[in-house]
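Encoded as structure tokens, the structure appears first; notes follow it.
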Amino acid sequence: MTSRGGAKVLSLKFNQDRSCFTCCTDAGVRIHNVEPLTEKAHYGNGMITDTSEMGTVIHCEMLHRTNLIAVVGGGPRPKFADNTVLIYDDVLKKFVLDYTFTQPVVAVHLKRDRLIAVLRRQIHVFSFPNNSRKLFTLETRDNPKGLCQINSLISSEKQLLVCLGHKLGSIQLVDLSVTELGISSAPQTISAHQGEVACLALNSQGTLVATASDKGTLIRVWDTVKRTLLVELRRGSDPATLYCINFSPDSEFLCCSSDKGTIHIFALKETHLNRRSSLKKMSFLGNYIESQWALANFTVPPECACICAFGSNKSSVVAICMDGTFHKYVFTPAGNCNRESFDVYLDVCEDDDF
């Protein structure tokens, strides 16, 4: 999708605490602060006909708010192969590490002590950034979306990695904190859905994982220790493609976005705030009426794909869209939802001076 300024957005991604996001376009990479919305860095000259020293990039991952950035080449004018992860140091202004694989990299994740490269059927885990070396490789079912999540809270008892399992609809959980060179803990498995898993989210503490299938009507939240289902949340009754699921920092709420441009917000701690169907007495409807519906939702005006996350105030949600716009809404426990701000975060034009 093309932004308002003319640049085609290739991918969007939040950093680990959702305080920043990266935007890969066919004109280069930009990094923005979320609150307030400001540009923090850019790699490119703003001209769609000319790219930065990185070339066009399809995947970009920040390491929290540090100077280290992981990039994977792709798009219309890549400078680097799509099977290589490169680490760029924004202080040194150069690439300092690279990791090359036999297949294209479909996602990359950074922790302060780990780098995770996701391929279609494998996940490679490296120590990082000092004395970087491969720790182990995990096999998965075919994973074209690069579904894989790691929890970001260093103080957590477990440092979890969650990814697709081997069987249809399953996910596997790996404790990264016990991994040693060539050795990993045996993955634990959850049979999450009957169809393909299409979206994943892990809370920062690593205690909860949310899953959605390719049907996109239900989100299930699981206890990662007991591997039990805690709550089933209904996004809607019609199929949709979910692009993003995120927990609030305290895990009291969950938000999700779909290809319909609608963001749904659910309560996880006080689940009585979620809406229930008025048809609950009609037992022949089965699970349809037993699920919990969003306590609040809003649709971004472009009605296009977007990523979403909770703001610094847990009663606010931001949505960053593939058309280059930024939206912020606030919601109440009663389900009221109002727009607080709207901005064009990406406005690339030919006379931009990078």
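For R65 and N33, the side-chain atoms include at least one donor-acceptor pair closer than 3.5 Å. With hydrogens and angles left out, the side-chain atoms of W222 and T228 include no donor and acceptor closer than 3.5 Å. Between the side chains of S312 and E35, at least one donor N or O sits under 3.5 Å from an acceptor N or O. Between the side chains of N336 and N338, no donor N or O sits under 3.5 Å from an acceptor N or O. Side chains of D90 and Y43: a donor-acceptor N/O pair is present below 3.5 angstrom, by distance only. For the residue pair S170/T189, the side-chain donor-acceptor check at 3.5 Å is not satisfied.
Using a 4.5 Å heavy-atom cutoff, the side chains of H42 and I31 are not in contact. For the pair V300/I263, a side-chain contact is recorded, criterion being any heavy-atom separation below 4.5 Å from C-beta on. Looking at heavy atoms from C-beta onward, Q292 lies out of side-chain contact with E232 at the 4.5 angstrom threshold. Contact check for D26 versus K8: side-chain heavy atoms found under the 4.5 Å cut-off. No side-chain heavy atom of S213 sits under 4.5 Å from any side-chain heavy atom of Q194. Between S251 and K269, every side-chain heavy-atom pair lies at or beyond the 4.5 Å cut-off. Taking 4.5 Å as the limit, some side-chain heavy atom of R141 sits within range of a side-chain heavy atom of E196. Side-chain contact between V85 and D98 is absent, with no heavy-atom pair separated by less than 4.5 Å.
The aromatic rings of F266 and H264 lie parallel to each other, with less than 30° between the two planes, well short of the 60° mark. Ring-plane geometry between H124 and F101 is classed as parallel, the angle between the planes falling under 30 degrees on a 0 to 90 degree scale with a further cut at 60. F14 and F21 have perpendicular rings, their planes meeting at more than 60° on a 0 to 90° scale where under 30° would count as parallel.
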Start with the C-alpha gap between Y99 and F126, add the side-chain angles, then the distance that decides, and say whether ring-ring contact (aromatic ring centres under 6.0 Å, His included) holds. CA-CA 10 Å; Y99 306 79; F126 295 81; 4.8 Å; yes
Begin with the C-alpha distance, continue with both residues' side-chain angles, and end with the deciding distance and a verdict on side-chain hydrogen bond (donor to acceptor under 3.5 Å, both in side chains) for T207 and T224. CA-CA 5 Å; T207 56; T224 61; 5.7 Å; no
Do N274 and L233 pass the side chain to side chain contact (heavy atoms under 4.5 Å, CB included) test, and can you show the C-alpha distance, the side-chain angles, and the key distance before you say yes or no? CA-CA 9 Å; N274 295 327; L233 309 169; 4.0 Å; yes
I would like to know whether V330 and N313 meet side chain to side chain contact (heavy atoms under 4.5 Å, CB included); could you show each step before the answer? CA-CA 9 Å; V330 293; N313 178 350; 5.7 Å; no
Yes or no on side chain to side chain contact (heavy atoms under 4.5 Å, CB included) for L138 and V125, after CA distance, side-chain angles and deciding distance? CA-CA 8 Å; L138 191 65; V125 179; over 6 Å; no
Would you sort out whether R121 and E139 count as a salt bridge (charged side-chain N to carboxylate O under 4.0 Å, His left out), showing the intermediate values? CA-CA 6 Å; R121 291 185 178 273; E139 304 289 334; over 6 Å; no
F128 vs L63, side chain to side chain contact (heavy atoms under 4.5 Å, CB included): CA-CA, chis, key distance, verdict: CA-CA 11 Å; F128 175 85; L63 177 59; 4.0 Å; yes
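Heavy atoms only, all atoms of each residue included: L200 and C148 are closest at CD1-N, 4.2 Å. When all heavy atoms of V197 and L147 are compared, the closest pair comes out as O-CD1, 3.3 Å. The two residues P129 and L97 come nearest to each other via the heavy atoms O-CD1, 3.9 Å. Of all non-hydrogen atoms in L295 and P333, the two that sit nearest each other are CD1-O, 4.3 Å. Smallest separation of non-hydrogen atoms from L10 and P76: CD1-CD, 4.3 Å. Of all non-hydrogen atoms in T211 and A192, the two that sit nearest each other are OG1-CB, 3.7 Å.
A distance-only check finds no donor-acceptor pair linking the side chain of R30 to the backbone of G28 [under 3.5 Å]. A donor-acceptor pair is defined here as one N or O able to donate and one able to accept, closer than 3.5 Å; such a pair exists between the side chain of Q16 and the backbone of H64. In terms of modelled atom types and a separation under 3.5 Å, the side chain of T56 and the main chain of G74 share a donor-acceptor contact. Here the side chain of K226 pairs no donor or acceptor atom with the backbone of D223 at under 3.5 angstrom. At least one donor-acceptor pair closer than 3.5 Å links the side chain of N246 to the backbone N or O of C308. Side chain of T25 to main chain of V9: no donor-acceptor pair is present (N/O by atom type, distance under 3.5 Å, no hydrogens or angles). Between the K111 side chain and the N151 main chain, a donor and an acceptor come within less than 3.5 Å of each other. No donor-acceptor pair closer than 3.5 Å links the side chain of T217 to the backbone N or O of P239. Side chain of S127 to main chain of R133: a donor-acceptor pair is present (N/O by atom type, distance under 3.5 Å, no hydrogens or angles). Under the 3.5 Å distance criterion, the side-chain polar atoms of Q188 are left unmatched by any main-chain donor or acceptor of L173.
If you take OG1 on T241 and NZ on K215, they are separated by 13.5 Å, rounding to the nearest 0.5 Å. Between the OG atom of S315 and the CD atom of E252 there is a distance of 9.5 Å, given to the nearest 0.5 Å. Atom OH in Y329 sits 7.5 Å away from atom SG in C337 (nearest 0.5 Å). F95 CZ to T84 OG1: the interatomic distance, rounded to the nearest 0.5 Å, is 11.0 Å. With rounding to the nearest 0.5 angstrom, the OG1 atom of T271 is 8.5 Å from the CG atom of L268. One finds the CG atom of L273 at 12.0 Å from the CD1 atom of I265 (value rounded to the nearest 0.5 Å).
Comment: R120 engages D142 in a salt bridge, judged by a side-chain N to carboxylate O separation of less than 4.0 angstrom. Taking the charged nitrogens against the carboxylate oxygens, D238 and K260 do have a contact shorter than 4.0 Å, which makes a salt bridge. A salt bridge links K314 and D250; the closest N-O separation between the charged side-chain nitrogens and carboxylate oxygens is under 4.0 Å.
In this structure, the ring of F331 has its center less than 6.0 angstrom from the ring center of F253. Note: F247 and F310 fail the aromatic proximity criterion, with ring centroids not under 6.0 Å apart.
I171 and I219 are assigned to two separate hydrophobic clusters, defined by single-linkage of ILVMFWY side chains at heavy-atom distances under 4.5 Å.
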